[in-house]
Amino acid sequence: MTSEQFIASKAVEAVKALYNTDVPASQMQVAVTRKEFEGDYTLVVFPLLRISHAAPAATGEAIGAWLTASCPEIAAYNAVQGFLNLSLSNLYWQESFDSIASDPDFGVLPSTGRRVMVEFSSPNTNKPLHLGHVRNNLLGSSVSDLLKAAGNEVIKTTLVNDRGVHICKSMYAWQKSFDGATPQTSGKKGDHLVGDCYVEFNNIYSAEVKELMASGLDEETAKKEAPSIKAAHDMLVKWEENDPAVRALWQMMNEWVFEGFEQTYKALGISFDKTYYEHETYLLGKELVRKGLDEGVFVKDPDGSVWCDLTADGLDRKLLLRSDGTSVYMTQDLGTAERRFAEYKLDSHVYVVGDEQNYHFQVLKLVLGKLGFAWADQIFHLSYGMVELPEGKMKSREGTVVDADDLIEKMYAEAKATSEESGKLEGLSEEEKDRLYHMIGLGALKYFILKVDPKKKMLFNPKESIDFNGNTGPFIQYTHARICSILRKAAEAGQGACTAPAELSAKEIRLVKILASYPQKVAEAAAAFSPALIANFAYELAKEFNQYYHDTPILKEPDAAVLALRLRLIGCIAAVLRKAMGILGIELPERM
RNA sequence: GGUUCCGUAGCUCAGCUGGAUAGAGCAACAGCCUUCUAAGCUGUGGGUCACGCGUUCGAAUCGCGUCGGAAUCACCA
């Protein structure tokens with residue numbers, strides 16, 4: 001039970017005793033008291049006036065008096081207008097702190113018994129990952145950990161788009177102008193090499209289109225008749241016919257990309273429990289469409305195409321099978337959803353996909369519902385906003401794409417420079433330093449991206465590097481390193497063994513209050529699929545600690561019992577910071 | 001045009017299941033390192049919460065409308 005819930009339950013008792021009326025605890029409004037008022041929590045009494053039939057202040061006064069008289073945990077009260085400010089007893093906070101400190105699983109919520117699949121990343125194999133993918137990956141990975149902390153069993157998955165015209169384009173360009181280059185011979189990461197092929201294809205293609213237009217063709221025809229695009233389409237047909245040469249080339253180039261992606265994932269600390277490949281799943285869903293036709297929820301047009309009419313739901317008609325019987329994106333998604341729910345006995349499925357596909361997922365849910373799947377409303381589209389540059393969207397054609405590998409490298413270099421400047425790392429081996437720079441650089445990047453509400457679009461300015469001061473990952477990492485430093489020194493000096501009781505100060509109670517709110521924060525963040533709430537929590541805790549640190553000496557405290565209490569408290573803060581930041585995929589160093 | 005989302009300090013963002021005088025960081029300015037790590041702490045300035053109307057004891061938060069921005073509405077994925 002949280003402190004808010006505790007107060008609410010006591011308020012219910014007070015109202016029952018004073019006014020002989022039952023009010024559900026859920027209707028009690030309890031909030032953390034604003035810092036300019038005395039008290040820990042505030043009960044808003046306005047909603048109770050119709051029960052008390054008295055003025056706001058008088059009602060607050062009456063409830064406050066009852067609570068302090070009847071509950072030993074509630075030590076004092078003051079009523080300001082309709083706000084009843086309550087102070088919990090020192091003993092209450094002491095016990096609260098003890099239970100946090102003694103629970104190694106603090107912040108891990110009891111099991112919900114639910115199994116959730118989270119799909120994220122899902123890249124195309126024709127270009128390297130960029131900043132937009134980084135947001136997707138970090139969100140997906142973090143939400144997975146968040147749902148785990150909230151008591152769910154989580155299966156992380158990704159669907160690699162390894163087939164289609166786009167890959168054929170890269171294949172064609174490679175054959176034509178890359179002279180047999182491989183990642184080994186070119187010294188390029190595989191995904192970058194294939195990305196170069198894709199760019200090269202577009203160069204070839206647009207040159208051809210230009211030429212054809214110069215010879216008198218209109219643009220539309222030129223775009224269709226360009227030899228390179230015809231060759232790419234040809235390759236796709238051959239791929240579908242299982243042509244050995246095309247398949248071999250396709251496999252080789254995909255392998256290059258996978259190896260490249262693997263490196264980037266590793267650098268980001270991303271992993272999956274199950275990887276799907278589109279070449280294995282793109283035919284799924286046709287059976288479902290047939291079933292829908294039989295049941296009359298879909299319709300077939302005279303030309304043979306199959307549609308789902310969603311006009312009654314305020315949407316359009318949606319194509320499910322082309323007139324030639326081939327499937328579209330939606331068909332595949334219907335099929336993979338059905339298969340996953342069946343194979344893994346899922347209770348729900350989260351898709352981490354950009355908000356440009358809101359419509360797609362709206363349709364997916366509706367269609368699955370029409371097909372009669374009870375789990376259709378257990379599908380959640382975690383829709384996140386695009387990452388934009390000051391000039392607007394990233395455009396590969398204009399070369400404004402922020403490459404993931406470059407960015408990671410840059411953050412590492414930045415962390416290294418800052419660390420070397422501060423010169424606090426004496427005694428660490430080169431290997432340890434290297435690990436630390438990576439930890440800090442990545443911490444800055446991950447926090448920068450995860451602290452903003454997923455559904456909002458976010459701005460990234462490549463000219464201003466990601467900050468290491470203020471509300472940042474390194475700030476929290478630094479706070480942790482500070483605490484560790486104190487704990488190290490205490491251990492060396494043999495301090496902190498005293499087990500005599502000691503009282504928490506007002507500032508320490510503030511810290512305990514924040515610590516105690518953590519499980520509730522995890523629950524809220526999981527319900528909202530928002531790691532940003534966890535980031536805000538960690539920042540608030542770190543900031544509060546730093547203030548405490550500045551005006552409260554710990555190792556110099558003469559009273560051994562108080563000193564021991566303080567060490568326990570800061571150890572607890574460090575542990576909770578590790579848990580919270582762990583959900584964001586950010587490691588905290590012991591030194592920096 | 002339909003649908004959905006967004007608009008809070010110069011900039012980047014919190015706060016949004018209605019509660020007290022709207023908060024942080026960055027940037028600017030002024031302080032604090034012989035004392036547990038200054039990637040820190042303290043202070044100053046900075047706001048018509050896009051605008052209007054409504055709902056009510058109370059609105060940045062809810063509803064309607066207007067303005068501005070984004071996404072989407074393919075026999076693409």
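Labels below follow one simple rule: chain letters A, B, ... track the order of the sequence lines, proteins then strands, and each chain is numbered from 1. A quick note: this is a predicted structure, and the numbers were derived from the prediction, not measured.
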Write down the distance separating the [atom1] atoms in [N] and [M], rounded off to the nearest Å.
| N | M | atom1 | answer |
| --- | --- | --- | --- |
| B/U8 | B/A60 | C1' | 7 Å |
| B/U21 | B/G47 | C1' | 13 Å |
| B/U4 | B/C41 | C1' | 45 Å |
| B/G25 | B/U42 | P | 8 Å |
| B/G23 | B/G43 | P | 14 Å |
| B/C49 | B/C13 | C1' | 14 Å |
| B/A24 | B/C6 | P | 25 Å |
| B/A9 | B/A14 | C1' | 13 Å |

Out of [options], which has the shortest distance to the side chain of [X]?
| X | options | result |
| --- | --- | --- |
| A/V328 | B/G25, B/A77, B/U37 | B/A77 |
| A/R34 | B/G19, B/G23, B/A14 | B/G23 |
| A/K456 | B/C5, B/A20, B/G7 | B/G7 |
| A/R482 | B/C57, B/G40, B/A20 | B/G40 |
| A/K424 | B/G25, B/A39, B/A20 | B/A39 |
| A/L459 | B/C26, B/U37, B/U12 | B/U12 |

Heavy atoms under 4.0 Å, any strand shown: does [X] hit a base, just sugar-phosphate, or nothing?
| X | answer |
| --- | --- |
| A/K489 | sugar-phosphate |
| A/S530 | nothing |
| A/I440 | base |
| A/N461 | nothing |
| A/Y549 | base |
| A/V452 | sugar-phosphate |
| A/D453 | sugar-phosphate |
| A/E414 | nothing |
| A/L533 | sugar-phosphate |
| A/I554 | base |
| A/F475 | sugar-phosphate |

In terms of side-chain heavy atoms, does A/H360 have a donor or acceptor partner in A/D333 at a distance below 3.5 Å?
->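 Distance-only check passes for A/H360 and A/D333.
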
Do you see a donor-acceptor pair shorter than 3.5 Å between the side chains of A/T33 and A/T42?
->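 Note: A/T33 and A/T42 side chains meet the donor-acceptor criterion.
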
May I ask you to verify whether the side chain of [X] and the base of [N] hold a donor-acceptor pair under 3.5 Å?
| X | N | result |
| --- | --- | --- |
| A/S419 | B/A39 | yes |
| A/T42 | B/A20 | yes |
| A/N85 | B/A20 | yes |
| A/K556 | B/U35 | no |

Euclidean distance, atom [atom1] of residue [X] to atom [atom2] of [N] [Å, nearest integer]:
| X | N | atom1 | atom2 | answer |
| --- | --- | --- | --- | --- |
| A/K365 | B/U3 | NZ | P | 20 Å |
| A/F468 | B/A39 | CZ | C1' | 9 Å |
| A/D316 | B/A74 | CG | C1' | 11 Å |
| A/L48 | B/C57 | CG | C1' | 13 Å |
| A/Q477 | B/G40 | CD | C1' | 15 Å |
| A/Y478 | B/G40 | OH | C1' | 5 Å |
| A/F361 | B/C5 | CZ | P | 17 Å |

Nucleotide opposite [N] in a Watson-Crick or G-U pair, distances under 3.5 Å:
| N | result |
| --- | --- |
| B/G1 | B/C73 |
| B/G23 | B/C13 |
| B/A38 | none |
| B/G65 | B/C51 |
| B/G43 | B/C29 |

Anti or syn - B/C53, cut at 90° from 0 |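 Base orientation relative to the sugar is anti.
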
Between [X] and [Y], does at least one N-O distance fall below 4.0 Å, as a salt bridge requires?
| X | Y | result |
| --- | --- | --- |
| A/E414 | A/K410 | no |
| A/E544 | A/K507 | no |
| A/E240 | A/R163 | yes |

Want to settle it: does A/N546 or A/T472 sit nearer the 5' end of RNA chain B, counting the closest nucleotide to each?
->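 The residue closer to the strand's 5' end, by nearest nucleotide, is A/T472.
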
Nearest nucleotide by nearest heavy atom, which residue falls closer to the 5' end of RNA chain B, A/L84 or A/S305?
->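 Between the two, 5'-proximity favours A/L84.
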
Dump the intermediate steps for salt bridge (charged side-chain N to carboxylate O under 4.0 Å, His left out) on A/D313 and A/K370, then the final yes or no.
-> CA-CA 11 Å; A/D313 300 282; A/K370 284 186 190 294; 3.4 Å; yes

Between the protein and nucleotides 70-72 of chain B, list the N/O to N/O atom pairs that are separated by less than 3.5 angstrom.
none

Side chain to side chain donor-acceptor pair (under 3.5 Å) with A/N161: which of A/N126, A/N124, A/T125?
->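 Of the listed residues A/N126, A/N124, A/T125, the side chain to side chain donor-acceptor pair (under 3.5 Å) partner of A/N161 is A/N124.
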
Do the side-chain N or O atoms of [X] get closer than 4.0 angstrom to the phosphate oxygens (OP1, OP2) of [N]?
| X | N | answer |
| --- | --- | --- |
| A/R322 | B/A77 | yes |
| A/Q362 | B/U3 | no |
| A/N469 | B/G40 | yes |

Apply side chain to side chain contact (heavy atoms under 4.5 Å, CB included) to A/S305 and A/L319, showing your working.
-> CA-CA 7 Å; A/S305 56; A/L319 181 80; 3.9 Å; yes

What distance do A/F475 atom CZ and A/D467 atom CG have between them, rounded to the nearest 0.5 Å?
->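 If we round to the nearest 0.5 Å, A/F475:CZ and A/D467:CG are 12.0 Å apart.
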
Just say parallel, tilted or perpendicular for the rings of A/Y518 and A/F537, cut-offs at 30° and 60°.
->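 Correct class here is tilted.
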
Does A/R482 make a cation-pi contact with A/Y549, if we ask for NZ or CZ under 6.0 Å from the ring centre and within 45° of the axis?
->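 So A/R482 does make the cation-pi contact.
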
Under the ring-ring contact (aromatic ring centres under 6.0 Å, His included) rule, what do A/F380 and A/F361 come out as? Steps first, then yes or no, please.
-> CA-CA 8 Å; A/F380 299 100; A/F361 283 97; over 10 Å; no

